[in-house]
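As structure tokens, the structure follows; a few thoughts come after it.
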Amino acid sequence: MLQMSRLFLRTLRDDPADAEVASHRLLVRAGYVRRVAAGIYSWLPLGYITLRNIERVVREEMDRAGFQEVHFPALLPREPYEATSRWNDYGSDLFRLQDRKGGDYLLGPTHEEMFTLMVKGECSSYRDLPLTIYQIQTKYRDEPRPRSGIIRGREFVMKDSYSFDIDDAGLEKSYQDHRAAYIKTFERLGLKYAIVSAMSGAMGGSKSEEFLAPCETGEDTYVLCPSCGFAANVEAMSTKVSGKSYPDVPALETLDTPNTPTIDSLVEVLNKNYGGGFTAADTLKNILLFADDEPISVLVPGDREVDLKRLQANLPGVSELRLFEEEDFAKNPKFVKGYVGPQDAQSLGLKLYADPRVEIGSSWVTGANKSNTHARYVQNGRDFKVEKYVEAAEVRAGDGCPQCDTPVVIDRAIEIGHIFQLGRKYAKALDLTVLDSDGKPNVVTMGSYGIGVSRAVAAIAEQSHDQLGLRWPREIAPADIHIVATGKEDLPFDTAFDLAQKLEAAGARVMLDDRRDASPGVKFKDAELIGIPTIVIVGKGLANGVIEVRDRWAGTSSEIPLEGAADLLTQLLK
RNA sequence: CGGGGCGUAGCGUAGUGGCUAGCGCGCCUGCUUUGGGAGCAGGAGACCGGAGGUUCGAAUCCUCUCGCCCCGACCA
């Protein structure tokens, strides 16, 4: 029984000044967490109970699926990460430290290497596979910008699993098993979620899906097709190419377009001097960037912005993408800022990429690589040659679904899980092989599966709070029932305590507000802020032999007889 | 790393060169109060993020520095 007269808890009346998003504000106000440093939080009793509840659900579903729990150190030596070159590739996100002898160590940001090495040490035959093992671990990443409280921290709790299979079919099955276990897990956690196609990103690998919890403060953007159910992270969204054809485009013509360095100014001058009817979509935007120091040009229709995240995700092997800045143009006068066109890409030494949309629409107005000059009737394939089509333009609500062309909707979400087929990258790097039935060594193929456990606390808080405070799904809440005793006599307190004991005997988890010095208003406010789903008030109703039961979710209130209340309330929990 | 904002008591804040740094919440003591963040009285609690400087005098001006929040870059 959690007795508030003794509970290590202080709730705050005001929002903390450094918290913006709801989960951060409320978790701090309700006394679940406290900030220690940027992106680093301590868990107080209520918060820690909640965190462990989520861990418990995750653990139960992993175990039920037949996966086995292990536990690695968070403090790890450099060597394994050297072998996969992640000691360097992970860059400054990696917390590195030295021991007294000067040896290099790191705080684990993720544990592929350790899992792979452990299996290597224990398994040598195909008969040992398939195998899936997991851990719930504190992970460390020195985020360039921790944000949104618990949502993106530098220290966080993550469940990570790895599957080991002999072949692709086995991997696919392990992957599907995990996917099914995740669905059960997130259902139990009471999270609304979407499963979307994703890019596998820095981890490497192929097939990849994300579990996203939709909410306004999410950092991920995804598209959803209301018709066929297609869902994808915007980075993984492919463009449905459609558009009219341009059979007879006149020869390229150069136009005087004074003072038109931007699309808007260009369209205005075109419509004034060269007949009406031009829109931004008729123009071709040339964005110059450095892809790992190599200058490239990316073409998108003039009415679209370039989405650097999408572009980067779709340029595998490019680790840094940087827009041209003033000084880059100054250093390279052959590139005329505001008037770049794709016609001379080759002679300018530019690698030419284009959004798929550029493939069809093909009578463009674009820069003529000369100040105050543009060209029209510029045709793809005739006047310029694209090296590679790559998803580059921003995705918009209403864009065609790649599967069925229905206009898609766009939403924001928090990534709470990610599953992907890693393949043999780590097994190869660390030489994880098992003997197959022919007695020949076979490189093992792996899958990798993560759930942000501490992040899930915040995601649930984001999705299920109201004006008054938090509002937990019962399985996650720090207690099933929050009993508030009011009044100044002993009777309500004794009665409430008695009820709490009966409920506990029946298996319920109870929080009892038995504070004598707090006024009823304070207790009600605290109960609402803390967010336990059922609030029971033992007070003035006692005169009539009743207590009040409030449903934090429905916002409803009803009176029930004290007599038999424990049984009735226990029924509620079923 | 670029842009913006902010560091004053546990929390939220006022204070743009002048006296003892003010207020609300919270905390302590006493009395009253107990169904919506109670009232009265008394009290404790701040090296004004740090260092250096300007000045007769600095929370306040200048320089540097550390930290925090937001947007972007980046990232699960």
Side-chain angles (χ1 to χ4, degrees), chain A residues 10-21 24-25 28-29 31 34-40 89-94 109-112 139-149 151-154 156-160 198-203 205 208-212 217-220 233 235 289 308-309 312-313 319-323 325 413-420 448-456 459 468-469 484-489 492-493 513 515-529 535 537-543 547-548 550 557 559:
Chain A
R10 167 171 285 173
T11 58
L12 304 177
R13 194 181 292 229
D14 300 308
D15 284 336
D18 61 357
E20 299 252 318
V21 302
H24 189 195
R25 264 182 16 239
V28 172
R29 271 194 62 202
R34 292 288 182 256
R35 194 185 67 79
V36 171
I40 303 177
D89 290 353
Y90 226 95
S92 34
D93 277 16
L94 195 61
T110 172
H111 283 72
E112 279 81 357
K139 307 280 184 174
Y140 297 87
R141 296 185 194 174
D142 192 358
E143 290 286 339
R145 184 153 87 84
R147 73 184 90 164
S148 308
I151 294 175
R152 176 174 296 278
R154 294 193 293 172
F156 56 99
V157 179
M158 178 173 165
K159 188 285 305 174
D160 55 327
M199 307 296 288
S200 42
M203 301 297 170
S208 165
E209 289 172 293
E210 288 170 340
F211 286 73
L212 299 182
T217 48
E219 319 173 70
D220 284 57
N233 193 300
E235 293 166 18
L289 309 101
L308 287 176
K309 278 189 188 179
Q312 170 116 43
S319 63
E320 194 199 30
L321 214 51
R322 184 171 69 78
L323 282 168
E325 290 165 21
I414 301 173
E415 181 185 353
I416 45 171
H418 197 165
I419 55 177
F420 51 100
S448 163
Y449 319 90
I451 290 179
V453 175
S454 47
R455 178 179 281 184
L468 300 171
V484 175
T486 67
K488 54 181 171 180
E489 310 299 331
F493 288 85
D513 195 343
R515 291 175 295 175
R516 292 279 189 158
D517 50 355
S519 69
V522 170
K523 293 179 181 179
F524 296 153
K525 289 287 184 203
D526 276 349
E528 283 148 359
L529 182 58
I535 300 169
I537 299 153
V538 180
K540 65 179 185 186
L542 282 183
I547 58 177
E548 181 183 339
R550 292 184 188 170
S557 162
E559 293 194 325

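Quantities reported herein were computed from a predicted structural model and do not represent experimental measurements. Quick note: numbers below take in every heavy atom, side chains included, and nothing from hydrogens, waters or symmetry partners. Quick note on labels: first sequence line is chain A, next is B, and so on, each numbered from 1.
- In this entry the distance linking CD1 of I151(A) with C1' of C70(B) reads 14 Å, nearest Å.
- Taking atom OH of Y90(A) as the reference point, atom P of C74(B) lies 16 Å away to the nearest angstrom.
- Taking the P atom of each, U8(B) and C68(B) are spaced 14 Å apart, rounded to whole Å.
- Side-chain contact between L289(A) and R322(A) is absent, with no heavy atoms from C-beta onward closer than 4.5 Å.
- Counting only heavy atoms from C-beta on, K488(A) has its side chain closest to U34(B) among G36(B), C71(B), U34(B).
- Within the structure, every side-chain polar atom (N or O) of S519(A) is placed at least 4.0 Å from both OP1 and OP2 of U34(B).
- When rounded to the nearest whole Å, the span between CZ of F493(A) and P of U34(B) equals 13 Å.
- Computed from coordinates, the E20(A) CD to G12(B) P distance equals 13 Å when rounded to whole Å.
- With C71(B), C27(B), U13(B) as the choices, the nucleotide that has an atom nearest any side-chain atom of R147(A) turns out to be C71(B).
- No contact: L308(A) has no heavy atom under 4.0 Å from any strand.
- Base engagement by R29(A) is indicated by at least one non-hydrogen atom pair under 4.0 Å involving a base atom.
- Among the heavy atoms of the strands, none lies under 4.0 Å from E489(A).
- Within the nucleic acid shown, A518(A) comes within 4.0 Å of at least one base atom, counting heavy atoms only.
- One can find a donor-acceptor pair under 3.5 Å joining the base of C75(B) and the side-chain atoms of R152(A).
- Mapping E219(A) and A37(A) onto RNA chain B by nearest heavy atom places A37(A) at the nucleotide closer to the 5' end.
- Distances from the side chain of L12(A) to the nucleotides G35(B), C68(B), C11(B) place C11(B) closest.
- For E548(A), taking side-chain heavy atoms from C-beta onward, the closest of the listed nucleotides G35(B), U34(B), C71(B) is G35(B).
- Under a 4.0 Å N-O distance rule, the pair R550(A)/E548(A) qualifies as a salt bridge.
- Side chain of S208(A) to backbone of F420(A): no donor-acceptor contact under 3.5 angstrom is found.
- Nucleotides U16(B) and C28(B) place their C1' atoms 36 Å apart, quoted to the nearest Å.
- K523(A) contributes a side-chain N or O that, together with a main-chain N or O of A485(A), makes up a donor-acceptor pair within less than 3.5 Å.
- Salt bridge status for R141(A) with D93(A): absent, with no side-chain N to carboxylate O gap under 4.0 Å.
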Are any protein N/O atoms closer than 3.5 Å to N/O atoms in nucleotides 23-25 of chain B? If there are, list each pair with its distance.
{"residue": "C25(B)", "atom": "O3'", "partner": "R13(A)", "partner atom": "NH2", "Å": "3.2"}
{"residue": "C25(B)", "atom": "O2'", "partner": "R13(A)", "partner atom": "NE", "Å": "3.3"}

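- Taking atom CD1 on I537(A) and atom P on G35(B), their separation rounds to 12 Å, with Å as the unit.
- Among the atoms of the strands shown, none is found under 4.0 Å from any heavy atom of D220(A).
- On the P atoms, C62(B) is 15 Å away from U54(B), given to the nearest whole Å.
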Begin with the C-alpha distance, continue with both residues' side-chain angles, and end with the deciding distance and a verdict on side-chain contact (heavy atoms from CB on, under 4.5 Å) for K525(A) and T11(A).
CA-CA 10 Å; K525(A) 289 287 184 203; T11(A) 58; over 6 Å; no

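- When each of G36(B), A73(B), U13(B) is scored by its nearest atom to the side-chain atoms of A17(A), the top-ranked nucleotide is U13(B).
- Put simply, CG on D526(A) is 15 Å from C1' on A38(B), counting in whole angstrom units.
- Taking only side-chain atoms of R550(A), from C-beta outward, the nucleotide of A73(B), G12(B), G35(B) with the closest atom is G35(B).
- Using C1' as the reference atom, G15(B) and A38(B) are 30 Å apart when rounded to the nearest Å.
- Using a cutoff of 4.0 Å between basic side-chain nitrogens and carboxylate oxygens, R29(A) and D14(A) are not scored as salt-bridged.
- At least one cation-pi condition fails for R154(A) and Y140(A): the charged atom is not both under 6.0 angstrom from the six-membered ring centre and inside a 45 degree cone around its axis.
- In this structure, S557(A) reaches neither bases nor backbone, as no heavy-atom distance under 4.0 Å exists between it and the strands shown.
- For E143(A) and K523(A), each mapped to the nucleotide of RNA chain B holding its nearest heavy atom, the one lying further toward the 5' end belongs to K523(A).
- One atom, NE2 of H24(A), and another, P of C68(B), lie 12 Å apart when rounded to the nearest Å.
- Taking the charged nitrogens against the carboxylate oxygens, R147(A) and E219(A) do have a contact shorter than 4.0 Å, which makes a salt bridge.
- Base contact: G539(A) has a heavy atom under 4.0 Å from a base atom.
- For R10(A), the side-chain atoms get nearest to C27(B) when compared with the rest of C27(B), A38(B), G36(B).
- When the nucleotides C74(B), C71(B), C68(B) are ranked by their closest atom to the side chain of R35(A), C68(B) comes out on top.
- Side-chain proximity of K309(A) to G12(B), C74(B), C68(B): nearest is C74(B).
- Between D513(A) and R515(A), at least one side-chain N (NZ, or NE/NH1/NH2) sits under 4.0 Å from a carboxylate O, which counts as a salt bridge.
- In RNA chain B, runs of at least 3 consecutive Watson-Crick or G-U pairs, each pair with both distances below 3.5 Å, span B:1-7 with B:66-72, B:10-13 with B:22-25, B:27-32 with B:38-43, B:49-53 with B:61-65.
- Of the candidates C75(B), G12(B), G36(B), G36(B) carries the atom nearest the F524(A) side chain, counting heavy atoms from C-beta on.
- In this structure a side-chain-to-backbone donor-acceptor pair under 3.5 Å is missing from R455(A) to R152(A).
- When rounded to the nearest whole Å, the span between CG of D18(A) and P of C70(B) equals 8 Å.
- Contact detail for G39(A) and P146(A): the closest heavy-atom pair is CA-CB, 3.7 Å.
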